[in-house]
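Within every chain, numbering begins at 1; the chains are lettered A, B, ... in the order of the sequence lines, protein sequences first and strands thereafter. Atoms considered below: every heavy atom in the structure, side chains included; atoms not considered: hydrogens, waters and symmetry mates.
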Amino acid sequence: MVASRTERLKAIAVVAPSVGAILLFVYVFIGWTVRTSFSQWRGILPDYTFAGFDNYIAVLNSPRFMINVWNTIFFTAFFLLTTIALGLLMAYILDKGVRGENFFRTVYLFPMAISFVVTGVAWRWIFNPTVGVNAILQTVGLDALVWGWHTDPSRLGTFHLALIPVIIAASWQLSGYTMAMFLAGLRGIPADLIEQARIDGASEFFIFRKILFPLLRPIVFAAMIVLGHFSLKIFDLVYTMTGSGPAFSTDFPAIFMYERTFRANQYGQGAVIAVAMLLLVSVVIVPYLASTLRKEKA
Amino acid sequence: MSRLFRSSTLRPSPIDTDLRRRYYKHLAARGGLYAGLLIASVFYLLPVYVLTVTGLKSFAEVGISTMWALPSEPTLAPLFRAYERLLPNLLNSISLTVPATIISCILGSINGYVFAKWRFRGSNLLFVLILFGMFIPYQSILIPLVRTLSTIGLYGSLYGLILTHVVYGIPITTLIFRNYYSEVPDSLLEAAYVDGLGFFQSYLRIALPISAPGFVVVAIWQFTNIWNEFLFAIVITQRPAMQPITVALQNLAGSQVVEWNVQMAGALIAALPTLIVYIVLGRFFVRGLMAGSVKG
């Protein structure tokens, strides 16, 4: 915009409060958290006496944190896989031009409009071992599939089986979102490209595998970023659905941080978990932001 | 394939059977598609079903029957009980969400206008620095936030929560409005400038009048997110009388003394406002959703 200096200064003055607020509430606060993570602060009152890496050592050595790490790895892997697969499948079907598309789209996306607290309450009862899904399985004679769901502390190696209902609930809530992303992508693919392949005798699977999927790859990537950074931060849904679970089987860093900080008043250690979460999320988000910025400039 | 030419004595031509086979195959494929879509719908509506049927059962019935059966004698009593218990928190949520949404919209609009049309040196970098704020895990700012809010006397109050939501809403609202105003042709603003409209006037007279769709998207987005938010709410508001509905619902559902038909009815009440907004204005909600992903 070509404008006089005063007018341009006015524009800068208008965004200054917001920029200032973000600098304080995001960047200064992050620095403050890092400082807390190196402090002796435990108890209600702040104590910023330097404690070196004590808190880091304490957190990294705690068995609970190791469980957190494994839970996050398994949860992220399975959650991404099911959510992207479900979203892609539903978008693919809806894109075939079905009647009532609006209805189906509305149904699949509605979980995004609802609080994780609400859905956590609902899913907790659905997987309740005595009245929930188990009751249905027993009625239809599938007793072999009856088990404790999120109340079952057993595991396969480092994978806690209690994560399965959490993965189902989280996929339920976010697969409609990925569907919407894929649907937008599919709508952008020229129809005559597909038509030509069909005329040339390509099978539906071939068309999907060799034409649609490569074109959708950037969206798969975007979905992985969005879902991945969500799963690293997951809190509300798990906190209301299962809490930490038996033997921390559904525990995640966000819950650990919350309880360490605001329940146990171990602020220094809570800050360590927060810093770890921030680093993990940054690894995912910073390259993504950088690439979008570069694309925009080009 | 007209009926006239098809008699029982005449063998169908090879072309005819081939067409028919393909038609049946097509029908089967279609049937499969719809079956899949319907099964998926059942899966997506399952929690709604559970909440609704349980929320309409009397306590006696929840106690004995399975959760999945329809209520034999539907009753609104659990809904009224839940409403009575959650009413103060429902009002808290309203007095939190409405002002925070309005302030967010205004800030986002003016910020977005500057970052789209009044770029200055370093504005792109600043914009990305702002955007980063929407991806951070809020755990990484929670401790300083609580300290700061208590220093300025807003810890534990709805004002503190409003301030928090407004500040951490700046990235997404600025992003949506920036993308929105990017569509406005520069020539329009240049012409306005030549006509003597300064920064504020060009915003008020040119940008603002065409901003309605942007405001709807941002308002719905912020309303839904703030209404549904849990982490800030549980950390900042400690006293039950001050808590928004999500925290109150979690407390209700976590307590052993409250019957679970009332818990389910409470969940329905908490979900209703955003659900209504979604059903009525869904396409605007989806636009906000997409702004946070594809372009983020």
Side chain from CB out, backbone as N, CA, C, O: work out which of these in B:Val247 comes under 4.5 Å of a heavy atom of chain A, or both, or neither. neither

Rounded to the nearest 0.5 Å, what's the gap from OG1 on B:Thr148 to CG on A:Leu24? Could you check? 6.5 Å

Side chain, backbone, both or neither: which part of B:Tyr113 has a heavy atom under 4.5 Å from chain A? neither

Below 4.5 Å from any heavy atom of chain B, which atoms of A:Val275 appear? Answer side chain, backbone, both or neither. neither

What part of B:Thr274 gets within 4.5 angstrom of chain A, counting heavy atoms only: side chain, backbone, both, or neither? both

Part of A:Val286 lying under 4.5 Å from any heavy atom of chain B: side chain

Which class fits the ring pair A:His229 and B:Phe135: parallel under 30°, tilted 30 to 60°, perpendicular over 60°? perpendicular

Of B:Ile170, B:Ile141, B:Leu163, the residue whose pairing with A:Phe25 passes side chain to side chain contact (heavy atoms under 4.5 Å, CB included): B:Leu163

Shortest non-hydrogen separation from B:Asn228 to A:Ile114 and the atoms involved: ND2-C, 3.5 Å

Between A:Tyr239 and B:Phe230, does a ring-ring contact (aromatic ring centres under 6.0 Å, His included) hold up when you go through it step by step? CA-CA 10 Å; A:Tyr239 190 78; B:Phe230 182 66; 5.8 Å; yes

Checking heavy atoms, do the side chain of B:Phe120, its backbone, both or neither come under 4.5 Å from chain A? side chain

At a 4.5 Å cut-off on heavy atoms, which part of B:Phe132 comes close to chain A: side chain, backbone, both, or neither? both

Restricting to side-chain hydrogen bond (donor to acceptor under 3.5 Å, both in side chains), what partner residues turn up for A:Arg124, sequence neighbours left out? none

Checking heavy atoms, do the side chain of B:Leu51, its backbone, both or neither come under 4.5 Å from chain A? side chain

Who passes salt bridge (charged side-chain N to carboxylate O under 4.0 Å, His left out) against A:Arg263, sequence neighbours left out? none

Taking side chain as everything from C-beta outward and backbone as N, CA, C, O, which of these in B:Val50 sits under 4.5 Å from a heavy atom of chain A? Side chain, backbone, both or neither. side chain

Need one label for A:Ser18: side chain, backbone, both or neither, based on atoms under 4.5 Å from any heavy atom in chain B. both

Is the ring pair B:Tyr34/A:Phe104 parallel, tilted or perpendicular, if the boundaries are 30 and 60 degrees? tilted

Nearest heavy-atom pair of B:Arg30 and A:Lys96: which atoms, and what distance? NH2-O, 3.2 Å

